[in-house]
Engineer: 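Before we start, here is the structure in question, set down as structure tokens.
What you see below is based on every heavy atom in this structure, not just the backbone, and it leaves out hydrogens, waters and symmetry mates.
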Amino acid sequence: MEKQALYIILLLSLLTSSCHQQRKQYVIGVSQCSEDIWREKQNREMRMGTYFHDDVELRFTSALDSDERQRQQIDSLVAGGIDLLIVAPNQVNTINPAIDRAYDQGIPVIVFERKTDSQKYTAYIGTDNYEMGRLMGEYIASRLNGKGRVLEIMGLKGSSPAIERHNGFADATGRHPDIQLAATLQGDWTEESAYEATRGWLSANTRIDFVFAQNDRMAMGVRRALMEAGIQPLPHFCGIDGLPGEGGGIQLVRDGILDASYLYPTHGDQLLDLAINILKGEPYEKETKLQSALVTRDNANVLFMQSEETKRQSNYIDRLSEQSNLYLSQLGTQRVITILSVGSVLLLLGVVFIIYIYTRQRTRIDKERRQMERQQLDFYTTVSHQLRTPLTLIEGPLSQLAATTEMTDASNETKHLFDIVRRNAQQLTSLVNKILKAETHETPQATDDTMADSELPTAEPTADANENAERPTILIVDDNADILTYLRKILENRYIVLEADNGEHGLQQARQEVPDIIVSDVMMPVMNGLEFCQRVKNDTVTSHIPVVLLTARALSKHQIEGYQSGADAYLTKPFSADVLLARVDNLLRNRRQLRNLFKGKQDSLEPATPSQPTPRGEETLSIHDQEFIEKFRKAIEGRLTDSEFSVEALSAEMNLSRVQLYRKIKALTGSSPVELLRKARLNRGRKLLETTGKSISEVAYEVGFTAPSYFTKCFKDEFGISPSELGAR
């Protein structure tokens, strides 16, 4: 009976499996004219697009630059039963009959990248190759200052990109009479074809200033031929494609091998979306022009790093998709087994043994499913943390760059390039979120670490209540909560950290707490960092505080603006934590060195003149701080004889709170107001004892002490001798 049950289960399994082996709802045939890195990238993007369309099957073919092979492959795709054809024609008119046959059978046709003379197509998507050639011609003309000899290497003869790029290039260079087209050589998009064509041409001509190849590979072929021929100096080289990765056009421009390239976008995901819209009867554009941009040494390094990170994340997503498919397959197997169990019960309802088998099977399946669900949850949680962090670090710098004036004032080509990078980063984030079904976690808001107000004495000079050694206080100002958190983590082990989320709040904090140093962002709402820095440096309470500006605005003019606003240091993002710590420590160390200059004349609060020239990089007092010290000196000297003159009265005369005055004076001189007042009285008393015949009591009362005994004690503590011993000398 057990064998009979197993036979029945096997039969039901075969029947169920056959039911599940159904054709996808949509089958899309893709006819590529050739194989290269550019098309591999495009095919991969289309495959990634199917992650969101489980009902789509892609069938790829490659003609390897053969018109006959491409015609046969298109007919084969149609015969195999496809719902839509995507085709990149090898040449303009050579495969029109095959395209027409597919279209006449009611199959929608999308022509992409290369054009065809046939009007029987549903939609076209590709880059404006004429405009690309024209812009490259204008770029070369500007690099040559309108004069020089240029060699052009064309792509496959008869292909629309080769024709249109040549026409655009010829129109652009034709507007510069002093630019001579040395030759237009014919290639077929491969490096070897350009190499052979150049070798044949070099026998008659050798001097050229610039090479325009219609793709990067052919540019490298020309370069190899010129180097082997011993042409010196080598001309500049320009290509088109701007592919990412090792050996791609972006890296070649970054390394100075190519002078420039032009991004030739693949957008396989956008191509697949267009196909889905057509198949589902949704609105779509008949003609779609993809945006592209020039790649030069100015932006190649950023593009290369972004493309490498995007490639790494794409590979990770592919692995994630494989794991997801594995889990889905296992889940489908469980579903089939469950159905089989139910079917066995229905077929052998009266057989106790089958009921037993079913119960045991069901228990095991439930246990495995729960275990698998736990494993799947753990897997997605782990992957989510691994993916979202680098994705955030991609989008974060992009968002900062978008907010800078250099992007606002940039050329259209640069804006288009930035939009491509940012859009792909956003698409990658969206793709990861959809695959992971990730929960959005709110970033905890940073909390402010505050420092208690220092208590100052209110009567006769005594030790200040808060003169104990403390860690320096640092105020960080940034509107990004994550940056605040990151900076706090860097600094909290060395400093007491205060925080503010914009310049206005930062100014309030700076006036209230009078920190030892400030680190501020530049681009902030309410009050930006430049205005904040200017107001800190122009405020009597805060003018002495060093300010470090952190920003993504890295151009020289932006750094000049930062220093003109009064900044003591200017660090561009991304920044090294070690560099930031070293810069802050250095500024605080310079402040401590500056305070040492006051030791010579603390009674008058005039900085002592160094015996040696000021070391390079050593700070000096600003105009505001010099005026403040002068006002403070006059306030003390004018009230030295007043024994009732306290720190509270001194603070009121300086128009500051006790805490503000204490921290300002402590930062500038290293001493508290009480100490400076006491030292000024003692120094005045010593001069009186040395130059007059007055008694110790008379001098003590004259310099503001209420008790001669206390004057004597302080005098001995300050000078190491008693007033009477001074008189005896």
Engineer: How many angstroms lie between atom CD of Gln214 and atom OG of Ser159, to the nearest 0.5 angstrom?
Structural biologist: 7.5 Å
Engineer: What pair of heavy atoms forms the shortest contact from Ile278 to Ala123, and how long is it?
Structural biologist: CD1-CB, 4.2 Å
Engineer: Given 3.5 Å as the limit, does a donor-acceptor pair link the side chain of Arg69 with the main chain of Ala63, or not?
Structural biologist: yes
Engineer: So, taking the atom named CG in Leu77 and the one named CD in Gln72, what distance separates them when rounded to the nearest 0.5 Å?
Structural biologist: 12.0 Å
Engineer: Give the intermediate values and the outcome of salt bridge (charged side-chain N to carboxylate O under 4.0 Å, His left out) for residues Asp209 and Arg143.
Structural biologist: CA-CA 10 Å; Asp209 302 304; Arg143 293 282 283 120; over 6 Å; no
Engineer: If you compare all heavy atoms of Asp216 against all heavy atoms of Ser261, which two are closest, and at what distance to 0.1 Å?
Structural biologist: OD1-OG, 2.9 Å
Engineer: Does any part of the side chain of Ser292, heavy atoms only, come nearer than 4.5 Å to the side chain of Met132, both counted from C-beta?
Structural biologist: yes
Engineer: With the side chain counted from C-beta on, respond yes when Asp117 and Gln91 share a heavy-atom pair under 4.5 Å apart, and no when they do not.
Structural biologist: no
Engineer: Would you check if Glu113 and Ile125 make a side-chain contact, meaning some heavy-atom pair closer than 4.5 Å?
Structural biologist: no
Engineer: Got a donor-acceptor contact below 3.5 angstrom from the Ser160 side chain to the Lys115 backbone?
Structural biologist: yes
Engineer: Show your working on side-chain hydrogen bond (donor to acceptor under 3.5 Å, both in side chains) between Tyr284 and Asp273 and close with a plain yes or no.
Structural biologist: CA-CA 10 Å; Tyr284 64 90; Asp273 288 342; over 6 Å; no
Engineer: Indicate whether the side chain of Ser34 and that of Arg39 have a donor and an acceptor atom separated by less than 3.5 Å.
Structural biologist: yes
Engineer: What residues form a side chain to side chain donor-acceptor pair (under 3.5 Å) with Glu40, not counting sequence neighbours?
Structural biologist: none
Engineer: For the atom pair CD (Gln73) and SG (Cys33), what is the distance rounded to the nearest 0.5 Å?
Structural biologist: 10.5 Å
Engineer: How far apart are the closest heavy atoms of Thr127 and Lys289, and which atoms are they?
Structural biologist: C-CD, 4.5 Å
Engineer: Are any non-hydrogen side-chain atoms of Ile74 and Ile95 less than 4.5 angstrom apart?
Structural biologist: yes
Engineer: Carefully, step by step, assess Asp259 and Phe210 under the rule side chain to side chain contact (heavy atoms under 4.5 Å, CB included).
Structural biologist: CA-CA 9 Å; Asp259 188 78; Phe210 227 109; 3.8 Å; yes
Engineer: Pairing donors with acceptors under 3.5 angstrom, does anything connect the side chains of Asn43 and Gln32?
Structural biologist: yes
Engineer: Are any side-chain N or O atoms of Asp83 and backbone N or O atoms of Val27, one a donor and one an acceptor, separated by less than 3.5 Å?
Structural biologist: yes
Engineer: Shortest non-hydrogen contact from Leu85 to Ile107?
Structural biologist: N-CG2, 3.8 Å
Engineer: Drop me the distance from Leu279's CG to Asp55's CG, to the nearest 0.5 angstrom.
Structural biologist: 9.0 Å
Engineer: Is Leu549 close to Leu571 at the side-chain level, that is, under 4.5 Å between some pair of heavy atoms?
Structural biologist: no
Engineer: Can you tell me if Asp255 uses its side chain to pair, donor with acceptor, with the backbone of Ile257 under 3.5 Å?
Structural biologist: no
Engineer: For the residue pair Ala260 and Thr296, what are the closest heavy atoms and their distance?
Structural biologist: CB-CG2, 4.4 Å
Engineer: With sequence neighbours left out, what residues match Lys41 under side chain to side chain donor-acceptor pair (under 3.5 Å)?
Structural biologist: Glu45, Thr266
Engineer: Tyr124 ring centre to Lys286 NZ or CZ under 6.0 Å, with the angle to the axis within 45°?
Structural biologist: no
Engineer: I'd like to check Met218 versus Trp189 (side-chain heavy atoms, cut-off strictly below 4.5 Å). Are they in contact?
Structural biologist: yes
Engineer: Would you say the side chain of Tyr195 lies within less than 4.5 Å of the side chain of Met220, judging by non-hydrogen atoms?
Structural biologist: no
Engineer: Could you go through Glu192 and Arg217, starting from their C-alpha distance and side-chain angles, then the distance that decides it, and tell me whether this counts as salt bridge (charged side-chain N to carboxylate O under 4.0 Å, His left out)?
Structural biologist: CA-CA 9 Å; Glu192 196 62 30; Arg217 287 174 294 164; over 6 Å; no
Engineer: Would you say Asp67 and Asn90 are linked by a side-chain donor-acceptor pair, where the criterion is simply a distance under 3.5 Å?
Structural biologist: yes
Engineer: Under a 3.5 Å threshold, yes or no: a donor from one side chain and an acceptor from the other, between Asp171 and Tyr130?
Structural biologist: yes
Engineer: Please check this pair: side chain of Thr50 against backbone of His53, looking for a donor-acceptor N/O pair closer than 3.5 Å.
Structural biologist: no
Engineer: Taking the side chain from Arg59 and the backbone from Ile28, do they hold a donor-acceptor pair closer than 3.5 Å?
Structural biologist: no
Engineer: Can you find a pair of side-chain heavy atoms, one from Phe212 and one from Ile140, that are under 4.5 Å apart?
Structural biologist: yes
Engineer: Which pairs of donor and acceptor atoms, one on a side chain in residues 231-244, lie under 3.5 Å apart (sequence neighbours left out)?
Structural biologist:
none

Engineer: Do Arg47 and Phe60 form a cation-pi contact, if we require the NZ or CZ to be under 6.0 Å from the six-membered ring centre and within 45 degrees of the ring's axis?
Structural biologist: yes
Engineer: Find the distance between NZ (Lys157) and CD1 (Ile163) and round it off to the nearest 0.5 Å.
Structural biologist: 10.0 Å
Engineer: Would you say Glu68 has more than 12 foreign heavy atoms packed within less than 6.0 Å of its CD?
Structural biologist: yes
Engineer: Under a 3.5 Å distance rule, please check whether Thr414 uses its side chain to pair with a backbone N or O of Ala410 as donor and acceptor.
Structural biologist: no
Engineer: Hey, what do you get for CD (Gln70) to OG1 (Thr61), rounding to the nearest 0.5 Å?
Structural biologist: 7.0 Å
Engineer: Do Tyr264 and Asn215 meet the criterion of a side-chain donor-acceptor pair at a distance under 3.5 Å?
Structural biologist: no
Engineer: Consider only side-chain N and O atoms of Glu152 and Thr184, and report whether a donor and an acceptor are under 3.5 Å apart.
Structural biologist: yes
Engineer: Specify the closest pair of heavy atoms between Thr116 and Pro89, including all atoms of both residues, with the distance to one decimal.
Structural biologist: CB-CG, 4.1 Å
